[in-house]
Amino acid sequence: MPGIDKLPIEETLEDSPQTRSLLGVFEEDATAISNYMNQLYQAMHRIYDAQNELSAATHLTSKLLKEYEKQRFPLGGDDEVMSSTLQQFSKVIDELSSCHAVLSTQLADAMMFPITQFKERDLKEILTLKEVFQIASNDHDAAINKYSRLSKKRENDKVKYEVTEDVYTSRKKQHQTMMHYFCALNTLQYKKKIALLEPLLGYMQAQISFFKMGSENLSEQLEEFLANIGTSVQNVRREMDSDVETMQQTIEDLEVASDPLYMPDPDPTKFPVNRNLTRKAGYLNARNKTGLVSSTWDRQFYFTQGGNLMSQARGDVAGGLAMDIDNCSVMAVDCEDRRYCFQITSFDGKKSSILQAESKKDHEEWICTINNISKQIYLSENPEETAARVNQSALEAVTPSPSFQQRHESLRPAGQSRPPTARTSSSGSLGSESTNLAALSLDSLVAPDTPIQFDIISPVSEDQPGQAKASGQGGRRTNPFGESGGNTKSETEDSILHQLFIVRFLGSMEVKSDDHPDVVYETMRQILAARAIHNIFRMTESHLLVTCDCLKLIDPQTQVTRLTFPLPCVVLYATHQENKRLFGFVLRTSGGRSESNLSSVCYIFESNNEGEKICDSVGLAKQIALHAELDRRASEKQKEIERVKEKQQKELSKQKQIEKDLEEQSRLIAASSRPNQASSEGQFVVLSSSQSEESDLGEEGKKRESEA
C-alpha cells in the first residue's frame with residue numbers, strides 16, 4: 001500500500017497558516033470521503049435490499065413450485081413428470097433460497113456493518129471534533145486579542161492575571177483539541193481504506209461462500225486474490241494500530257513539553273533570546289491606519305524569505321510580500337500604549353511598518369533577525385555563524401579599551417618608525433602588520449567629552465565656516481532644489497573619475513590627530529558605543545560620489561548635495577579591521593583665518609560591503625589628482641618657456657627692423673649730399689627756367705621713390 005499523508009501534530013502549537021492550509025486540504029478530503037461513502041452506502045444498501053428481496057423471491061418461488069401439484073388447471077391433466085421435475089426444482093430453489101438467506105445475513109454482517117459503523121461513528125466524530133476545534137480556535141483568538149489590548153501604562157495585576165489565565169486556558173484547549181483533531185484526521189486516512197476494502201471483502205467472501213454452497217467451479221486465482229486483499233486489510237489494520245499508539249504517545253509528550261509555551265510571555269531564563277537568527281516566523285499584530293488619528297491592528301502570520309518579509313492571513317494558500325528588508329532599519333518604538341512594538345523602515349525611507357510582537361523574547365528576536373537580514377548575512381554559506389561573528393564584533397566594538405598601546409601591542413613590530421600621512425589601504429585588516437604608535441594614549445587621539453554628531457547637515461542649511469573655506473564656497477547657501485546659476489559650472493563635470501556608492505552616515509566627531517589610522521578605528525568604536533548606549537538605530541542613507549576634486553554626499557531622492565569634502569582636505573581614510581562595511585575618513589579644515597587654527601573631523605559611514613572599494617576609489621582619486629597637478633605644472637612651465645621664446649623673437653624682429661630703417665636713412669642722406677659736392681667744385685650749369693622746373697620735379701620724384 002502507498003504511504004499515508006499525515007498532519008504534523010508537532011506544529012499544532014505554532015498554528016501557522018501553512019498548517020491551517022494543510023488542515024483545510026485534509027478537511028476537504030474528509031468532506032469528499034463523507035460524500036463518497038454516503039453514495040457507496042446507498043449503493044451497498046440497495047444490494048442488501050436486493051439480496052433480501054431475492055431471498056424472499058426465491059423462497060416464494062420454491063413455495064409456488066411445491067404447490068404446483070396441488071393446482072387444478074381446467075385444461076391440464078395430471079403430469080407427474082412435470083410435478084416431479086418442479087418438485088426437484090423446488091428443492092434446488094429452496095436450497096438456493098436458504099443460500100440467499102445465508103448470503104443476506106453475511107452481507108449484513110460483513111458488508112453493511114463496517115460501512116455503517118464508519119458512516120455513523122467515524123465521520124460524525126470528525127464533524128464533532130471540527131466544531132469543537134473551531135470553537136476553541138475562536139476562543140483562543142478572542143483571548144489573544146484581549147491580551148494584546150492590555151495597557152502598558154495602566155497595568156492592573158488582577159485584570160492581567162485574568163487575561164493571562166484566559167490565554168493559557170484557551171491556548172491549552174485549542175492545542176489539545178487540535179492535536180486530537182489532527183489525530184482523528186490522520187486516522188481517517190487509514191479508516192477510509194478499511195471502510196472501502198472491508199465491505200467489499202465481506203461482499204466478495206459472502207458471494208464466494210454463496211457460490212461454494214451451490215457450485216465448486218470458482219477459480220483458485222480469484223480465491224488467491226481475495227486472500228491477498230484480506231491480508232492487506234489486516235496489515236493496514238495493524239499499521240493503523242501502531243501509528244495510533246505512536247500519535248497518542250506524541251500527544252502526551254507534547255502536552256507535557258508545551259505547557260510552558262501556553263503562556264504568552266514565557267520566562268526568558270528558560271527560553272533565552274537567539275540573536276543569531278536569519279530566518280523567523282510567527283504571528284505579529286500589524287498597525288493599519290484608517291484615518292488621520294485612528295488605526296486598527298490586524299493579527300497575521302509573518303515570516304522571512306531571503307531578504308523579504310512576507311505576511312500570510314489565515315485561509316491564504318501562500319504568503320505575500322510585506323516589505324523588502326534588505327538594507328532596512330529597525331528599532332523598538334512606543335505606539336498607542338502597546339507593548340513590544342517595533343518599526344521597520346525600508347532602505348529608501350519611503351515605506352515603514354509598525355508591528356507588535358507577542359512577547360519580549362519574540363520582540364528582541366524579530367529585531368535581531370531583521371538586523372541580520374538587513375546586513376545580508378543570509379547570503380553567506382553559514383548565516384548563523386556569520387551572524388554570531390558579526391554580533392560578537394559589535395559587542396567587542398562597544399567594549400571600552402584602556403589605551404591603544406595595549407590594544408595594538410601584539411600587532412606592531414617594535415622599533416619601527418611612524419610613516420608620514422598617507423592613505424591606509426583596505427588590506428589593513430586584523431592580523432596585518434601596522435606601524436608602532438610609541439605609547440600613544442587615548443586622549444592624544446580623541447579629546448574626552450567630544451560631542452558626536454549622529455546626523456548630517458540638512459540640504460537647505462548653511463555651510464559651516466570651516467567647510468565653506470575649505471571648499472571655496474565662501475558661505476554660499478545650498479540650493480534646496482539642486483539647481484545652480486546660469487553661469488555656474490559643476491566642479492566635477494570635467495573630472496576623470498566618477499564613482500557612486502550607497503552609504504549610511506553613522507556619525508562624526510572632532511579628533512586631535514590625523515596621522516594614523518587608529519584615529520579612525522577609535523572614532524568608529526566611540527560612535528558605535530554611543531549608538532548602542534543611546535539606542536540610536538536610524539541612519540541617514542546617501543550617495544557618496546567620489547571624483548578627482550572632492551567627495552560629495554548626495555540625497556538619493558532629491559539629488560541635492562548635502563555635503564562636499566574637498567579631496568585635498570581628506571588626509572586619512574581607512575576601513576574597519578574586521579567589519580569591512582564600516583569605513584571613515586579624516587577631513588582637515590581651517591577653523592580660523594590663520595593657518596595654525598586647523599581642526600580635524602573624522603566621519604564614519606556604513607556601506608554595502610564596499611568599504612575597501614570606497615577607500616581604493618579615494619586613493620585612486622588622489623593619485624589622479626596628483627598626476628593632474630603635476631601635468632598642470634608641467635604644462636604651465638612649457639607655456640612660460642614658449643612665452644619667453646616668443647618675446648625674444650619679437651625683440652629680435654624689432655631690432656632687425658630698426659637696423660634696416662637706419663641703413664635706409666643713411667643711403668638717402670648719401671644720395672642727397674651729391675649735388676652739393678658738385679657745386680662746391682666750381683662747375684656751374686646754366687639752365688632755362690623750363691629745364692630747372694623739370695629737374696626739380698625729377699628730384700622730388702626720386703625722393704618719393706626713395707622714401708617709398
Side-chain angles (χ1 to χ4, degrees), residues 2-36 122-123 125-145 148 167 170-193 243 247 250-251 254 258 261-262 264 277-286 288 297-323 325 353 355-358 362 366 369:
I4 303 297
D5 295 327
K6 291 182 289 184
L7 284 167
I9 300 179
E10 297 80 5
E11 298 179 6
T12 52
L13 181 58
E14 183 180 5
D15 192 18
S16 64
Q18 288 83 356
T19 306
R20 285 296 184 101
S21 179
L22 186 60
L23 175 61
V25 175
F26 273 74
E27 289 177 345
E28 292 179 4
D29 183 75
T31 303
I33 291 173
S34 177
N35 295 333
Y36 179 80
D122 298 328
L123 293 180
E125 179 185 4
I126 294 295
L127 294 176
T128 303
L129 286 174
K130 182 179 180 180
E131 294 176 358
V132 174
F133 167 69
Q134 191 64 40
I135 294 173
S137 179
N138 293 336
D139 293 343
H140 175 255
D141 291 342
I144 285 294
N145 290 332
S148 299
V167 172
S170 61
R171 182 170 291 178
K172 184 175 182 179
K173 180 180 178 182
Q174 181 193 8
H175 186 208
Q176 293 177 350
T177 306
M178 196 173 187
M179 287 191 294
H180 288 289
Y181 186 33
F182 278 24
C183 179
L185 287 175
N186 291 338
T187 308
L188 183 64
Q189 301 301 312
Y190 297 100
K191 292 182 178 180
K192 174 184 68 175
K193 295 186 177 183
D243 206 354
M247 287 189 292
T250 303
I251 289 175
L254 289 177
S258 303
L261 298 177
Y262 296 143
L277 296 175
T278 56
R279 291 185 300 175
K280 186 168 177 61
Y283 279 98
L284 296 172
N285 292 330
N288 298 320
W297 294 81
D298 297 332
R299 188 169 185 261
Q300 291 187 350
F301 187 82
Y302 284 83
F303 61 95
T304 60
Q305 189 176 60
N308 299 324
L309 180 64
M310 313 292 288
S311 64
Q312 185 175 1
R314 286 186 181 178
D316 294 346
V317 179
L321 178 63
M323 182 180 293
I325 55 178
S353 179
L355 304 173
Q356 181 191 17
E358 188 174 293
D362 282 346
W366 272 109
T369 302

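Numbers for residues simply follow the sequence, beginning at 1. Remember, predicted model here, so these are calculated numbers, not experimental data.
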Discussion item. Looking at every heavy atom in both Trp366 and Ala281, which two are closest together, and how far apart are they?
Written reply: CZ2-C, 4.0 Å
Worksheet item: Roughly how far, to the nearest 0.5 Å, is the CE atom of Met323 from the OG1 atom of Thr304?
Response: 14.0 Å
Worksheet item: Sub-3.5 Å donor-acceptor pair from the side chain of Asp29 to the main-chain atoms of Val25, do we have one?
Response: no
Worksheet item: Between Asp298 and Asn288, what is the shortest heavy-atom contact and its length?
Response: OD2-ND2, 2.6 Å
Fill in: Nearest heavy atoms of Ala136 and Gln174, plus distance in Å
CB-CA, 3.8 Å
Discussion item. Quick one: does any side-chain atom of Ser34 pair with a main-chain N or O of Ala30 as donor and acceptor, under 3.5 Å?
Written reply: no
Discussion item. Measuring only between side-chain heavy atoms, which start at C-beta, is Asp362 closer than 4.5 Å to Lys280?
Written reply: yes
Item to complete: Compare all side-chain heavy atoms of Leu185 with those of Leu23 and state whether any distance is below 4.5 angstrom.
Response: yes
Worksheet item: Does the side chain to side chain contact (heavy atoms under 4.5 Å, CB included) test come out yes or no for Thr19 and Phe301, once each step is laid out?
Response: CA-CA 11 Å; Thr19 306; Phe301 187 82; over 6 Å; no
Discussion item. With rounding to the nearest 0.5 angstrom, report the OH to CZ distance, Tyr262 to Arg171.
Written reply: 9.5 Å
Practice prompt. Please determine, by modelled atom types, if Glu27 and Tyr181 share a side-chain donor-acceptor pair under 3.5 angstrom.
Written response: yes
Fill in: Qualifying residue, where the test is side chain to side chain donor-acceptor pair (under 3.5 Å) with Asp15 and the options are His175, His140, Arg314
Arg314
Discussion item. Could you go through Leu309 and Leu355, starting from their C-alpha distance and side-chain angles, then the distance that decides it, and tell me whether this counts as side chain to side chain contact (heavy atoms under 4.5 Å, CB included)?
Written reply: CA-CA 12 Å; Leu309 180 64; Leu355 304 173; 4.2 Å; yes
Fill in: Ion pair Glu358/Arg299, N-O distance below 4.0 Å
yes
Worksheet item: Is the backbone N or O of Asp316 less than 3.5 Å from a side-chain atom of Gln312, with the two atoms forming a donor-acceptor pair by type?
Response: yes
Fill in: Separation between OG1 of Thr177 and CD of Gln134, rounded to the nearest 0.5 Å
11.5 Å
Worksheet entry | Considering all heavy atoms, the nearest Tyr283-Pro17 contact | OH-CD, 4.0 Å
Worksheet item: How about Asp139 and Ser170: does a side-chain donor come under 3.5 Å of a side-chain acceptor?
Response: no
Item to complete: Evaluate the criterion side chain to side chain donor-acceptor pair (under 3.5 Å) for residue pair Asn285 and Gln300; output intermediate values, then yes/no.
Response: CA-CA 6 Å; Asn285 292 330; Gln300 291 187 350; over 6 Å; no
Item to complete: Output yes when a side-chain donor or acceptor of Thr12 lies under 3.5 Å from a complementary backbone atom of Ile9, and no otherwise.
Response: yes
Practice prompt. Say whether Arg20 and Ser137, considering side chains only, have a donor N or O and an acceptor N or O under 3.5 Å apart.
Written response: yes
Fill in: Electrostatic pair Lys192:Asp122 at N-O distance under 4.0 angstrom
no
Discussion item. So, taking the atom named CD in Gln189 and the one named CG in Leu7, what distance separates them when rounded to the nearest 0.5 Å?
Written reply: 8.5 Å
Worksheet, complete the sentence: Of all heavy-atom pairs linking Leu22 and Pro8, the shortest is CD2-CD, 3.7 Å
Worksheet item: Taking C-beta and beyond as the side chain, do Thr187 and Met247 meet within less than 4.5 Å on heavy atoms?
Response: yes
Worksheet item: Does the pair Ile144 and Val167 meet the rule for a side chain to side chain contact (heavy atoms under 4.5 Å, CB included), with working shown?
Response: CA-CA 6 Å; Ile144 285 294; Val167 172; 3.9 Å; yes
Worksheet item: Does some side-chain heavy atom of Gln356 sit less than 4.5 Å from a side-chain heavy atom of Trp297?
Response: yes
Worksheet entry | Distance in Å, Phe182 CZ paired with Thr250 OG1, rounded so as to fall on 0.5 Å steps | 14.0 Å
Fill in: Separation of Lys6 NZ from Cys183 SG (nearest 0.5 Å)
10.5 Å
Worksheet item: Any side-chain donor-acceptor pair under 3.5 Å between Asn186 and Asp243?
Response: no
Item to complete: May I have the step-by-step check of side chain to side chain contact (heavy atoms under 4.5 Å, CB included) for His180 and Phe133, ending in yes or no?
Response: CA-CA 9 Å; His180 288 289; Phe133 167 69; over 6 Å; no
Worksheet item: Do Thr369 and Arg279 have side-chain heavy atoms sitting under 4.5 Å apart?
Response: no
